[in-house]
Amino acid sequence: MRVNNTAGVKPIFAESVPGRTGFSLPALDVPSQPLSAILPADLLRQEPPVLPEVSELGVVRHFTRLSQLNHSVDSGFYPLGSCTMKYNPKINEDVAGLDGFADLHPLQPEETCQGALQVIFELEQYLCEITGMDAFTLQPAAGAHGELTGLMLIKAYHRQRGEAATRTEVIVPDSAHGTNPASAAMCGFKVVEVPSNERGNVDIAALRRVVGPQTAALMLTNPNTLGLFEENILEIAEIVHEAGGLLYYDGANANAILGIARPGDMGFDVIHLNLHKTFAAPHGGGGPGAGPVGVKRALEPFLPLPRVIKDADSYRFNYDLPQSIGKVKGFYGNFLVALKAYTYIRQMGAAGLKAVAENAVLNANYLLAQLKDYFDLPYPRRCMHEFVLSGSRQKANGVKTLDMAKRLLDFGIHAPTIYFPLIVEEAMMIEPTETESKQTLDEFVQAMRQIAREAEESPELLQQAPTKLPVSRLDETAAARNPDLRWRG
Amino acid sequence: MRVNNTAGVKPIFAESVPGRTGFSLPALDVPSQPLSAILPADLLRQEPPVLPEVSELGVVRHFTRLSQLNHSVDSGFYPLGSCTMKYNPKINEDVAGLDGFADLHPLQPEETCQGALQVIFELEQYLCEITGMDAFTLQPAAGAHGELTGLMLIKAYHRQRGEAATRTEVIVPDSAHGTNPASAAMCGFKVVEVPSNERGNVDIAALRRVVGPQTAALMLTNPNTLGLFEENILEIAEIVHEAGGLLYYDGANANAILGIARPGDMGFDVIHLNLHKTFAAPHGGGGPGAGPVGVKRALEPFLPLPRVIKDADSYRFNYDLPQSIGKVKGFYGNFLVALKAYTYIRQMGAAGLKAVAENAVLNANYLLAQLKDYFDLPYPRRCMHEFVLSGSRQKANGVKTLDMAKRLLDFGIHAPTIYFPLIVEEAMMIEPTETESKQTLDEFVQAMRQIAREAEESPELLQQAPTKLPVSRLDETAAARNPDLRWRG
Amino acid sequence: MAFIANTPADQAEMLAAIGVAEIAELFADIPASLRLTRELNLPAPEAEPILLKNLKSLAARNISAGEAVVFLGAGTYDHYVPSVVGHILGRSEFYTAYTPYQAEISQGTLQAIYEYQTMICNLTGLDVSNASLYDGATAVVEAVLMATGATRRCKVVVSAGLNPEYRRVLATYCDFLDLQLVVGLLSEGEPSAEQLHDLVDEQTAAVIVQYPNFFGQIEAGIEQLAEVAHAKGALLICAANPIALGLLKPPGELGVDIACGEGQALGNRMAFGGPHLGYLACREQYLRRMPGRIVGATTDASGKRGYVLTLQAREQHIRRQKATSNICSNQALNALAATVYLSLLGPQGLAQVAEHSVQKAHYLYNQLLQIEGISPGLPGPFFHEFTVRVKANPEELFSRLVEYGILGPLPLARYYPELSDLVLFCVTEQRTKEELDYLVKVLGGLL
Amino acid sequence: MAFIANTPADQAEMLAAIGVAEIAELFADIPASLRLTRELNLPAPEAEPILLKNLKSLAARNISAGEAVVFLGAGTYDHYVPSVVGHILGRSEFYTAYTPYQAEISQGTLQAIYEYQTMICNLTGLDVSNASLYDGATAVVEAVLMATGATRRCKVVVSAGLNPEYRRVLATYCDFLDLQLVVGLLSEGEPSAEQLHDLVDEQTAAVIVQYPNFFGQIEAGIEQLAEVAHAKGALLICAANPIALGLLKPPGELGVDIACGEGQALGNRMAFGGPHLGYLACREQYLRRMPGRIVGATTDASGKRGYVLTLQAREQHIRRQKATSNICSNQALNALAATVYLSLLGPQGLAQVAEHSVQKAHYLYNQLLQIEGISPGLPGPFFHEFTVRVKANPEELFSRLVEYGILGPLPLARYYPELSDLVLFCVTEQRTKEELDYLVKVLGGLL
Ligand SMILES: Cc1ncc(COP(=O)(O)O)c(C=O)c1O
Ligand SMILES: Cc1ncc(COP(=O)(O)O)c(C=O)c1O
C-alpha cells in the first residue's frame with residue numbers, strides 16, 4: 001500500500017548497488033571460447049551499459065510501488081472520452097497468456113500454428129460482419145497506424161485508376177482526432193479541414209465547397225468526437241463518392257454502434273477499429289493496441305500481405321498478392337491483442353455486443369442529463385456513447401477545465417479527455433462505457449456537481465488541485481523547457 | 001491507486017444491486033426436471049442466501065481496492081519477528097499455478113499423478129537432509145498443526161512403550177510461542193513451564209527440577225523466540241532423554257540454521273517446519289501454510305497415513321501402516337504450498353540455503369548493532385536471525401511499544417512482532433530476513449532512531465499514530481466489547 | 001544471487017558495523033560439534049529457466065482435470081473457478097501479507113475476511129463465522145471440540161454418511177484427545193426414533209451429520225435429529241456442502257448448532273487436496289468457543305469504520321494452553337477465493353451452479369441405469385453425487401476408465417468394505433452432455 | 001450479464017432521468033435505413049467456462065516454443081522471460097491504465113517510461129529515447145522519416161543485411177511517402193570506399209545498417225560508414241539488437257545518429273510476432289524530430305520530483321498535420337516488460353545472456369560443419385545467428401524437422417531468392433547442449 005508521506009519512488013538506478021542482481025542463468029553447458037576469439041575485438045564494449053543492479057525483491061518492490069501510483073480501470077472510474085476505458089475481462093488475459101499462443105515464433109511452419117491462423121481468419125470475418133465491410137487486415141498496430149494503412153489503400157486505389165497524381169487532398173472535419181490529419185499528411189496528402197455546423201455535424205455546404213476531383217478521401221469519425229451521430233452521413237457519402245473520393249471511417253467510437261448500425265452500410269470504403277477500445281483489450285498504460293483495417297471489395301486487392309486463407313480444413317498465409325501495398329508492420333500485427341478481441345467477441349456474441357452499444361449510450365445520456373445544468377453544453381442534442389461539455393461558464397470565474405480535471409483526480413476518478421475536440425472551448429469529453437454501474441455514475445455526478453459548486457465558491461481549491469495524490473500539480477512547462485529525459489545519477 | 005481522502009471501501013454487500021451478476025454459466029445442455037421433483041421439497045430454500053450482486057468489474061474493483069489497503073512483502077519492509085517475511089519468488093506461484101498440479105483431484109488414480117507423488121516423495125527427502133531427521137510427513141497444514149501432530153506421535157511412542165498413562169507432561173519454556181502450550185494442552189498433556197535464564201537460554205537447573213518420569217516431551221524453538229541459539233542444547237537433550245522424554249523442535253526459526261546446523265543432530269526427536277516461513281511460500285494474509293513434521297527412525301511407524309513410497313520408477317501411496325496415528329488432515333496436506341517449497345529448494349540448492357541462513361543472521365546482527373543504543377536490549381548477546389528489543393525505556397516516557405509500532409506504520413514499514421515473547425517487557429521482535437538489502441535495513445534504522453527520538457521529544461506523535469494510513473488507530477476494545485462480525489445492511 | 005540482496009561489499013560493511021570479521025563468527029553460539037562441516041546433500045541449484053522446464057515436465061506427468069473427464073467428487077469438486085478469482089488472489093498485496101496483526105495497515109485482508117464471515121453466516125443460516133480453518137476434516141474436529149467443551153461430555157455420534165476422510169481425521173483426534181467416537185446413524189435411510197435414542201445419550205456431546213451426505217444423499221430428518229440431540233443436551237453439527245446451500249435450506253433453519261465443512265468448492269482449485277479451507281459457523285452462544293481468527297468491525301480515532309482481529313482472548317497467543325484451539329495460521333487466501341467466488345456468482349449464480357450440477361447428475365444417473373450391469377445404489381434423493389452398483393470390479397473399472405480419459409467413479413470399498421460393488425459418481429456443472437454421454441457409451445462397452 | 005452493470009431496474013431509472021421511454025430512442029439520430037433490423041451473424045455467445053475450454057483447444061493446435069526446440073530467430077527471439085516480468089505486467093494498475101495524460105494520477109507508468117528511456121540511452125550510447133514505437137520495422141521507418149525531415153532529402157540507402165521484414169515495411173512507406181529506397185551495401189563483407197561513395201550521395205538522407213545484421217554477421221566498418229554518410233550530410237541509422245548491446249560497442253560510439261529496432265528480445269514473449277516494441281534513440285540534436293511519447297522529469301507545486309509527458313508539441317494531438325509522426329498509442333506495456341527485464345538482469349545478466357547465446361551459437365556452428373552436406377554460409381564473425389549452406393531443399397528440411405520437434409532453421413530463399421541453399425540458425429541462451437546435439441544428430445541423419 002502507499003503511505004501518504006511516501007517520498008515518491010526513487011528511480012531504480014538510484015537503488016542500484018554494484019554486483020547485485022535479480023536473475024541467474026544456468027551454467028554454460030557448451031565448451032566456451034574467449035569472446036575476443038569469436039567477436040571482433042574492436043567492437044566489444046569497453047564499459048558495461050549502465051543498468052540497475054537490484055535483487056529480485058528489489059525489482060518486484062520497485063515496480064509494485066510504481067504500479068500503486070497509477071490510476072486504472074480496475075481501481076476506479078475512467079471516463080476518458082474517445083478512449084473507451086471499459087472493463088478488460090480477466091479471461092482475455094488468461095487466454096493471451098496461454099503458452100500455445102504466447103510462445104509462438106512468427107516464422108514457424110504453418111502446420112504448427114493452425115490455431116493462431118484460425119484466430120486471425122475468424123476474427124477478420126467477425127469484424128467484417130460487425131462493420132459491414134468485405135475484408136480485414138489485422139496488421140496495423142494501433143488506430144493511427146490503421147489510418148495510415150487505410151490512406152495507403154486509398155492511394156493505391158486511386159493509383160490503380162490513374163488518379164493518384166490528382167487526388168492529393170484528404171478532407172478532415174475540424175472535430176477530428178489529431179491522428180487523422182497527421183496520418184493524412186504522413187501519407188503525403190494535403191489536409192483540408194471542413195468545419196462543423198451548429199449541430200456538431202459536418203457542414204454540408206462547406207463540404208460541397210471543398211470536395212472535388214482533387215479529393216482522395218474524407219475521414220470521418222461516426223459518432224464523431226463530440227459523441228454525436230453524423231446525421232447526414234448518407235448525403236455526405238454521396239457527395240464524396242460522386243466526386244470520386246472515398247470515405248474513411250475512424251472507428252475509435254465504434255462502441256456506440258455495435259449491432260446497431262454498420263459503417264459499411266453507411267457508405268464507408270475503408271475503416272479502422274481500435275481493438276483496445278471497442279473490443280475490450282486493455283490499453284497497457286499507452287499500448288499495445290491494435291488497429292485492424294477493413295475495406296470494401298474494391299480495395300481488397302490492396303490489403304497488406306500476407307493474408308490468412310482457408311484451404312479446406314487448414315489455414316495458410318497467402319503472400320501472392322500482386323496488388324498488395326506490401327507490409328505496414330512486421331508479421332501479422334499485434335496478435336495477442338487481436339486474440340483478446342477474438343475472445344471478447346466469442347464471449348459476447350451478437351446480443352452481447354448490441355447490449356454494449358445500448359448501455360454505453362444509455363450511460364452517456366444519463367450522465368448528460370445529470371450534468372447538463374451544471375456545465376455548458378455546446379451541442380444540446382442527445383449524445384451517443386460520449387458527450388462534450390464546456391467549462392466556459394467556470395472559466396469566467398477563473399477556473400479552467402484543467403483545474404476541474406485536476407480536482408476530479410482528488411476524488412479517485414480519472415479526468416475526462418480535456419481540450420479536445422478543439423472546436424469546443426474548454427472541452428471536457430466524457431465517456432462512461434457500458435461496464436460502469438449507475439451507482440458509479442451517480443458518484444461521478446456528485447463529484448462533478450461538487451466541483452461546479454466549488455468553481456463558484458472556492459476557485460482556489462480547484463486551481464491548487466490535486467492535493468490528495470502522491471504529487472501535487474506537476475510543472476509541464478518546466479519539463480518542456482529543460483528536458484530531463486533520462487536518469488544521470 | 002488509493003487517493004488519500006478515500007472514505008474506505010464499502011462492504012461489498014453495500015454495493016449490491018438486485019439482479020446484477022459477475023458470472024454466467026453455459027446454458028444447461030441436458031433435459032431438466034423441476035427441482036421439486038428431484039430434491040426434497042421441504043428442504044429447498046425459501047429465500048436465496050444474501051450474497052452480493054455485483055458485476056465482474058464491480059468485483060474486480062472492490063477487491064483491487066481492498067488489496068490496496070494492505071501492506072505486503074512486495075510493497076515494503078515487513079520485519080515481523082518469528083514470521084520470516086522473506087521474499088516469495090514469483091516462479092513458485094507460476095509453478096503452483098500449472099494446471100498439471102493445480103487441477104488434480106486428490107483421489108485420482110496413482111498412475112495419473114506420478115508427478116505430484118514425486119514432488120511429495122522428494123520434498124520429504126530434502127527436508128530430512130536439511131534437518132537431519134529420518135522421515136517426514138507433509139500432512140499438517142501449518143506450524144500449530146505440525147505441533148499437534150508431533151505431540152500425537154510422541155504420545156503414540158509412549159503408548160507403544162506402555163508409558164502413555166504416566167508421561168502426561170509437556171515442558172515448554174516461558175519464551176515459547178503460544179501454539180506450543182496450546183497444542184500440548186489440545187493433545188491432552190499438562191503444560192509445565194520452564195523459565196529462561198539471564199542469557200535467554202532455558203534455565204538448566206529449573207529444567208532438571210521439572211523433568212521426570214512424567215515428562216512426555218520438551219518443546220523447544222531453537223534459535224528460540226528471543227532469536228538466541230540455545231547454547232546448552234546438547235545438555236538439555238541429554239537431560240530430557242535420560243528422563244525418558246522426547247525432544248520436540250518448533251521449526252519456526254529454522255531460517256537461521258539452514259545448512260549450518262540441524263535439529264536432528266541436536267537431539268530432537270520430532271520437529272515441524274513452517275514452509276510458509278523458512279521455505280519462502282507466501283503467507284497469504286493468514287494462510288495457507290504448511291507444517292511438515294519430521295521424526296527420528298523410532299517414531300517413523302507412527303507417522304500419519306498415507307505415505308508416498310517409491311517402487312522402482314513409480315510412486316504410490318502406502319495406507320498399510322498399522323501403527324500410524326491415522327490422518328490429521330484430509331488427503332496429503334497443503335500440496336501446492338509444499339510444491340512452492342520444493343521449487344524453492346530446487347532453485348536454492350545447498351549453497352543457496354546456507355547463504356540464506358548466513359545473510360538472515362548477518363542482517364539481524366547488523367540491525368541489532370545499529371539499534372542497540374536506542375532501545376533496551378534485554379539479552380545483550382549476538383543474535384541469530386532475529387532479536388528482541390524492549391521498549392521499557394520509552395515506556396517510562398509514556399510511550400508504549402504499541403505506540404512505536406503504530407508509528408512505524410506511518411513510514412510504510414510493517415511493525416515488528418510486539419509483546420512477544422512474553423518474558424520481555426514491551427517486547428519488539430525484529431526479523432529482517434535475508435532477502436532485504438542493507439539499504440532497506442538502513443532506512444529502517446533511520447525510522448527506528450527517529451521514533452526513539454520522537455518518544456523523547458514528542459510522545460503524543462506516537463500515541464496518536466498512525467496518521468498517514470487509510471484509517472487511524474482502530475479501537476480494538478470496542479470491537480471485542482460489541483462484536484460486529486458480519487454485515488447486516 | 002537473485003533472492004539474497006547483500007553483495008560482498010555490503011557484507012563487509014555490515015560485518016564491520018557489527019564488529020566481527022566474518023559471518024561464521026555470528027554462529028559462535030552454536031556448539032562446534034553441531035556445526036555442519038559439509039554441504040547439505042541436495043540436488044544442485046537450478047536457475048529459473050531450467051527449474052521451470054523441469055517442473056513443467058513433472059506437471060506433465062500428471063493428468064489434470066482439463067485433460068480428462070472428471071467424475072470424482074467425495075469432498076473435492078471440479079467446479080469452474082472464474083478467471084477473476086485467480087487474478088485477485090494473484091495480487092501480491094494479498095498473498096505476500098501475513099496475518100493482519102497490525103490492523104491499520106491490513107484493512108484489505110481484514111475487510112475481506114469480514115465479508116467472508118458474512119457470506120458464511122448467510123449461507124449456513126447461523127450467527128457467527130470464523131476466518132477459516134485448515135480444511136473440512138479439521139473443521140469438523142474443531143466443531144466437535146467446541147461441543148465437548150460446551151457440554152463437558154466426550155461422546156461423539158457420527159453419521160456413517162460423514163465423509164470418511166473427515167471421520168478418519170476425527171478418529172485420530174478422538175484417539176489422542178480421549179474422546180469417544182461412535183459411528184452409526186443414517187446413510188441407509190432415516191433412523192428410527194429408537195435407534196436415535198440408543199445412540200444419543202446423556203454422555204453425548206454432539207451428533208454429526210453431513211448435508212448432502214458422502215453418498216450424495218439428502219437425508220431427511222435433520223430437524224428431528226436436532227430435537228433428539230437437544231433433548232439430550234447435545235449439539236447438532238452439520239458438515240454442509242456450501243454449493244448445495246445455494247438451493248437447500250440452511251443448516252441454521254434445521255436446528256443445527258454448528259455448521260462446518262469444506263469450502264474448496266467455492267472458487268478453489270482441486271490442488272491434489274490442498275490448500276483448501278475449512279469453514280465453521282455457529283450460533284451466537286458458542287461464539288467464545290470458536291477456534292481461530294475472527295474479524296470484527298470497529299471505528300478509528302476519528303470514527304471511521306475499520307476492521308480488526310477481535311475476541312483474541314480465545315486464541316493461543318493470548319490464552320496459551322487455555323485457548324479454544326491451537327490454530328494460528330489458517331487458510332486466509334483460500335477464504336479470499338471463496339469470497340471473490342461468491343461475490344461474482346451472487347445468489348442466482350450460486351443457485352445456478354448448484355442446479356446445473358443437480359440436473360446433470362440426475363441426467364447421468366438415469367442414463368447409467370439404462371446400462372445392463374448398472375443398478376441403483378443407495379436409495380433416496382441425491383444432490384450432485386450418487387452411488388450405483390456395478391457388475392464389475394470397481395477398482396479395475398477405475399483403472400480401465402483412465403485409458404478412456406475418464407477419472408472416476410470412486411470405488412466405495414476403499415472407505416466402506418461392505419459396499420464393495422458400489423461406486424460414487426459426482427457431476428458438477430462443468431460436465432457437458434457430450435461428456436456424460438461419452439461416459440455412458442464407454443461404460444456400456446466395458447460392462 | 002457479467003460485463004454490463006445495468007440491471008433492468010437501473011435502466012428504467014436512467015431512462016426516466018433522461019426522459020425517454022426506451023433505449024432505442026437514444027439512437028434516433030441514426031437514419032432509420034441504417035439501423036440494423038437483424039442480429040449480427042456471429043457465433044453464439046460462450047460463457048467463460050466453455051470459452052476457455054475452446055480457446056485452450058485452439059492453443060493446443062499450435063506447437064509452442066516449450067513443446068519444440070526453436071532455432072528460429074530473424075528478429076524474434078526465444079530468450080527466457082523471467083517470471084517476475086509477467087507478474088509485474090499482470091498488475092492491473094499498469095495494464096488497465098491509458099496513456100498517462102493526467103500525470104498526477106499516472107506516476108507509475110510515467111516513471112517506468114522514464115526509466116525505460118534511460119536504459120535505452122545507456123544501451124545504445126545515444127542521448128535521448130522515446131517511449132516506444134510499434135515494432136522494429138516501424139521504428140526503422142520512423143528513423144528514416146526523422147532523417148528525411150532533418151536533411152530534406154528523400155533517398156534512403158539500406159543494407160541488404162537489414163531484416164527483410166523491416167525492409168518490406170520500409171518499402172511500403174517509401175512507396176507511399178515518395179521516398180527513394182536503395183538497397184545495397186555490405187552483407188557480403190566490407191564495402192569498398194568506392195562502393196560507398198557510389199551509393200551515398202548528396203541526395204541521401206540516411207544510410208541504414210543492422211548490427212548484428214540479419215544473417216547474424218557483425219559487420220565491420222560502421223564507423224567508416226558513419227564518416228562517409230556524415231561527409232555527405234546524411235545520417236547513419238542503425239537497427240541494433242539490444243541483447244547484443246550487452247556485449248558490443250554501443251551504436252552511439254560508432255558514429256550512429258539514430259539507433260532503433262526491435263525490443264522484443266528484452267523480456268517479451270514471441271507472441272506470434274506481436275505485440276512487441278520498437279525502440280528509438282538519437283542524438284540530442286534530433287530530439288524535437290522524434291516521433292511518439294517522451295517522458296520528462298519535473299517538479300510539482302511543492303518541489304517534489306515527478307514525471308510528465310513532455311515535448312508534446314511534436315505530437316499529432318497538438319500539431320495535427322505538422323506532427324513529427326501520427327503515432328498515438330504505442331507499446332507501453334511491452335516497454336515496461338523491457339524495463340523490468342533489464343532491471344532484473346543488470347549489466348552482468350545482460351552480458352551473460354548475450355554471451356551464452358554467442359557461445360552456444362558458435363558451438364552449434366562448429367558441430368554443424370562436421371556434417372557432410374553442411375558447409376559455411378556467409379563469412380565473417382557472427383553473434384547468435386549464422387547461415388550455413390545445406391545440401392537439401394531448405395523448405396523441405398524446414399518441414400521435415402517439425403516431425404522431430406524442431407522449429408527452424410529458416411530457409412533464406414524466402415527473403416533472398418539468390419541465397420537459395422542457405423538457411424539461418426539462431427541459438428539463444430535457452431538452447432541446451434543436449435538440444436544442440438540432438439539437432440546435429442537429426443540433421444546428420446537427414447542430410
Ligand atoms: C477518434 C480517435 N481516432 C484515432 C485515435 C488513435 O488511435 P490509437 O491511439 O490507437 O493510435 C484515437 C485514440 O485516441 C481516437 O480517439
Ligand atoms: C515460534 C512459532 N511457533 C509456531 C508457530 C505457529 O505456526 P503456524 O502459524 O504456521 O501455525 C509460529 C507462527 O507464528 C511461531 O512463530
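By convention in this document, chain letters (A, B, ...) are assigned in the order of the sequence lines, proteins followed by strands, and residues within each chain are numbered from 1.
A side-chain donor from one of N334(B) and Q331(C) sits under 3.5 Å from a side-chain acceptor of the other. Side-chain atoms of R91(C) and S67(B) include a donor-acceptor pair closer than 3.5 Å. Using modelled atom types, one finds no donor on one side chain facing an acceptor on the other under 3.5 Å when comparing H283(B) with T96(C). Checked by atom type, the side-chain pair K438(B)/Q11(C) shows no donor-acceptor distance below 3.5 Å.
Proximity to chain B is limited to the side chain of V84(C), based on heavy atoms less than 4.5 angstrom apart. Looking at S132(C), neither its backbone nor its side chain comes within 4.5 Å of chain B, counting heavy atoms on both sides. For Q370(B), the part sitting under 4.5 Å from any heavy atom of chain C is the side chain, from C-beta outward, and nothing else. There is no contact between A171(C) and chain B, counting heavy-atom distances below 4.5 Å. The contact between A59(C) and chain B is made by backbone and side chain atoms together, counting heavy-atom distances below 4.5 Å. Proximity to chain B (any heavy atom under 4.5 Å) is shown, for T76(C), by both the backbone and the side chain. Heavy atoms of L145(C) lying under 4.5 Å from chain B belong exclusively to its side chain. With a 4.5 angstrom heavy-atom cutoff, R381(B) touches chain C only via side-chain atoms. Using a 4.5 Å cut-off between heavy atoms, L72(C) contacts chain B through both its backbone and its side chain. Using a 4.5 Å cut-off between heavy atoms, H87(C) does not touch chain B at all. Within the 4.5 angstrom heavy-atom criterion, no atom of A184(B) approaches chain C. Residue contact with chain B, scored on non-hydrogen atoms closer than 4.5 Å, involves the backbone and the side chain of A297(C) alike. E429(C) touches chain B through its side chain: at least one heavy atom from C-beta onward sits under 4.5 Å away, while N, CA, C and O do not. Interface residue A44(C): only backbone heavy atoms are found under 4.5 Å from chain B. For L410(C), the part lying near chain B is the side chain, with the backbone staying farther off; criterion is any non-hydrogen pair under 4.5 Å. Contacts between D10(C) and chain B at a heavy-atom distance below 4.5 Å involve backbone atoms as well as side-chain atoms. The part of P82(C) that comes within reach of chain B is its side chain, from C-beta onward, which places non-hydrogen atoms under 4.5 angstrom from that chain.
For F272(C) and Y332(B), the gap between ring centers is short of 6.0 Å. Ring-centre distance between F420(B) and H317(C): not below the 6.0 Å cut-off.
Here the straight-line distance linking atom SG of C121(C) with atom CG of L485(B) works out to 8.0 Å at 0.5 Å rounding. Distance check, rounded to the nearest 0.5 Å: CG of D484(B) to CZ of R305(C) gives 5.5 Å. Note that NE2 of H105(B) and OG of S64(C) are 13.5 Å apart. Values are rounded to the nearest 0.5 Å. To the nearest 0.5 Å, the span separating CD on Q33(B) from CD on E355(C) amounts to 10.5 Å. A distance of 6.5 Å separates CE of M152(B) from CZ of F176(C), quoted to the nearest 0.5 Å. Rounding to the nearest 0.5 Å places CZ of F331(B) at 10.0 Å from CZ of R168(C).
Counting only distance, with no hydrogens or angles, the side chain of N122(C) and the backbone of V50(B) share a donor-acceptor pair below 3.5 Å. Formation of a donor-acceptor pair under 3.5 Å by the E93(C) side chain with backbone atoms of Q68(B) is not found in this model. Put simply, the side chain of T172(C) gets close to the backbone of K327(B): a donor and an acceptor are under 3.5 Å apart. Listed for the N70(B) side chain is a donor-acceptor partner under 3.5 Å among the backbone atoms of T109(C). No donor-acceptor distance shorter than 3.5 angstrom exists from the side chain of Y98(C) to the backbone of G286(B), with no hydrogens or angles considered. Not one N or O on the side chain of T298(C) forms a donor-acceptor pair closer than 3.5 Å with the backbone of A478(B). Of the possible donor and acceptor atoms, one in the side chain of N62(C) sits under 3.5 Å from a partner among the backbone N and O of G100(B). Under the 3.5 Å distance criterion, the side-chain polar atoms of K433(C) are left unmatched by any main-chain donor or acceptor of P31(B). With hydrogens and angles disregarded, no donor-acceptor distance shorter than 3.5 Å links the side chain of S92(C) to the backbone of D74(B). A donor-acceptor contact shorter than 3.5 Å links the side chain of Q108(B) to the backbone of I63(C).
Of the listed residues (Y101(C), F94(C), Y307(C), F383(C)), the one with the most heavy-atom contacts under 4.5 Å to chain B is F94(C). Residue with the most contacts toward chain B among R320(C), R61(C), M270(C): R320(C) (heavy-atom pairs, distance under 4.5 Å). Counting heavy-atom pairs closer than 4.5 Å to chain B, the top residue among S33(C), S302(C), G274(C) is G274(C). Most heavy-atom pairs under 4.5 Å with chain B, from the set K56(C), Q312(C), M119(C), Q359(C): that is Q359(C). Of all the listed residues (G349(B), A102(B), P52(B)), the one sharing the greatest number of non-hydrogen pairs under 4.5 Å with chain C is A102(B).
In this structure, the side chains of N334(C) and P288(B) come closer than 4.5 Å at one or more pairs of heavy atoms. Counting only heavy atoms from C-beta outward, the side chains of M186(B) and Q321(C) never approach each other to under 4.5 Å. Side-chain contact between R45(B) and P250(C) is present, with at least one heavy-atom pair separated by less than 4.5 Å. Using a 4.5 Å heavy-atom threshold, the side chains of L39(B) and V358(C) count as touching. Residues D475(B) and D300(C) form no side-chain contact, since every pair of their non-hydrogen atoms from C-beta on lies 4.5 Å or further apart. Taking the side chain as every heavy atom from C-beta outward, L36(C) and R262(B) approach each other to under 4.5 Å.
Under a 4.0 Å N-O distance rule, the pair E104(C)/R473(B) does not qualify as a salt bridge. Salt bridge status for R382(B) with D29(C): absent, with no side-chain N to carboxylate O gap under 4.0 Å.
Nearest heavy-atom pair across Y134(C) and K329(B) is O-CE, 4.3 Å.
Taking Q111(C) as the reference, E115(C) meet the side-chain hydrogen bond (donor to acceptor under 3.5 Å, both in side chains) condition, with sequence neighbours excluded.
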Starting from the C-alpha separation in whole Å, work towards a yes-or-no answer on salt bridge (Lys or Arg N to Asp or Glu O under 4.0 Å) for E39(C) and K354(B).
CA-CA 8 Å; E39(C) 245 196 11; K354(B) 186 171 179 195; over 6 Å; no
